[in-house]
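Just below is one structure, and these are the notes that go with it.
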Amino acid sequence: MHAETFETRDISKIAGNASDQVKTVVSNMSRYYLPRRNVNTTGLTFGAHIVKRIQVTEVSVLPKAEEPLKTEGRVVCELTVEEDMLNGGGTIHGGCSAFLIDICSSMSITMLRLATSDQDEFSVSQSLNMVYHSPAGLGDRIRLVNTTLTIGGRVLSARTEIWNVTHHRLVSSGVHIKMKPSAGPTKASL
């Protein structure tokens with residue numbers, strides 16, 4: 001057994017029009033970090049300490065501005081930049097920004113799938129394209145605005161912007177493409 005467990009979070013302060021059930025699933029970030037296979041591990045998975053500090057502030061299903069007959073998922077999260085997120089220069093590490101975009105953009109995809117089809121299928125990253133705009137330093141509050149782009153039969157995508165709430169500027173942005181995983185390899189018979 002491993003040290004991580006699901007956390008129950010208070011959803012009463014989460015804005016947005018998604019159901020309480022969807023808000024509960026999305027705000028329980030720990031579910032994205034539990035191994036999906038049987039492993040004997042001690043300690044936490046990569047980034048678990050950072051994930052536990054993320055606060056979900058909005059979960060919404062909205063009409064897509066460019067195509068009103070379609071919907072998009074929006075999940076907004078916030079956290080404060082702490083020591084374990086910094087590079088040697090004292091600002092948020094680019095790898096940490098990419099990690100946050102990977103996880104939080106996935107939340108918007110999961111949310112829209114749950115809200116529109118009541119399904120939460122596992123998917124894997126295919127690509128993550130990043131742009132770094134400005135730094136965020138120790139103690140700065142950051143906001144991650146995550147919006148779905150497409151939810152297809154096999155390919156899913158979302159975009160994320162990380163905003164520095166403290167200094168009112170864009171820190172980084174990314175587009176995350178995900179896909180349903182291929183079936184595992186079959187065992188060759190000898």
Side-chain donor or acceptor of Lys70 paired with backbone N/O of Thr150 under 3.5 Å: no

Any donor-acceptor pair under 3.5 Å from Asp140 side chain to Gly137 backbone: yes

Spatial distance of atom [atom1] ([X]) from atom [atom2] ([Y]) [nearest 0.5 Å]:
| X | Y | atom1 | atom2 | value |
| --- | --- | --- | --- | --- |
| Lys180 | Arg154 | NZ | CZ | 8.5 Å |
| Ile14 | Ser12 | CD1 | OG | 8.0 Å |
| Ile103 | Phe46 | CD1 | CZ | 9.0 Å |
| Thr116 | Ile151 | OG1 | CD1 | 7.5 Å |
| Lys64 | Thr71 | NZ | OG1 | 8.5 Å |
| Ile109 | Ser157 | CD1 | OG | 6.5 Å |

Sole residue of Asn164, Thr80, Thr166 in side-chain hydrogen bond (donor to acceptor under 3.5 Å, both in side chains) with Arg141: Thr80

Can you check whether [X] reaches [Y] side chain to side chain, under 4.5 Å on heavy atoms?
| X | Y | result |
| --- | --- | --- |
| Leu170 | Glu161 | yes |
| Val175 | Leu149 | yes |
| Arg143 | Ile162 | no |
| Ser172 | Met130 | yes |
| Thr110 | Met107 | no |
| Asp84 | Arg53 | yes |
| Pro135 | Arg169 | yes |
| Cys77 | Thr57 | no |

Tell me the closest heavy-atom pair linking [X] and [Y], and the distance in Å.
| X | Y | result |
| --- | --- | --- |
| Gly94 | Tyr132 | O-OH, 3.0 Å |
| Val56 | Ser27 | CG2-CA, 3.8 Å |
| Ile101 | Leu144 | N-CD2, 4.4 Å |
| Ala98 | Leu128 | O-CD2, 3.5 Å |
| Val155 | Ile177 | CG1-CG2, 3.7 Å |

Would you say the side-chain atoms of [X] and [Y] include a donor-acceptor pair closer than 3.5 Å?
| X | Y | value |
| --- | --- | --- |
| Asn146 | Ser105 | no |
| His176 | Ser125 | yes |
| Thr148 | Ser108 | no |
| Thr91 | Asn87 | yes |

Are [X] and [Y] linked, directly or through other ILVMFWY residues, by side chains that come within less than 4.5 angstrom of each other?
| X | Y | answer |
| --- | --- | --- |
| Trp163 | Val59 | no |
| Val22 | Val76 | no |
| Val145 | Ile50 | no |

Side chain to side chain contact (heavy atoms under 4.5 Å, CB included) between Leu100 and Ile142, worked out: CA-CA 11 Å; Leu100 290 169; Ile142 57 175; 4.0 Å; yes

Test log, rule side-chain hydrogen bond (donor to acceptor under 3.5 Å, both in side chains), inputs Ser60 and Glu58: CA-CA 6 Å; Ser60 297; Glu58 180 189 343; 2.9 Å; yes

Evaluation steps, side chain to side chain contact (heavy atoms under 4.5 Å, CB included), between Leu79 and Met85: CA-CA 11 Å; Leu79 75 157; Met85 300 167 70; 3.7 Å; yes

Pair Lys178-Ser106, side-chain hydrogen bond (donor to acceptor under 3.5 Å, both in side chains): steps then yes or no: CA-CA 8 Å; Lys178 300 190 75 166; Ser106 297; 2.9 Å; yes

Over 12 foreign heavy atoms within 6.0 Å of CD, Gln21: no

Salt bridge flag under 4.0 Å for residues Lys23 and Asp10: no

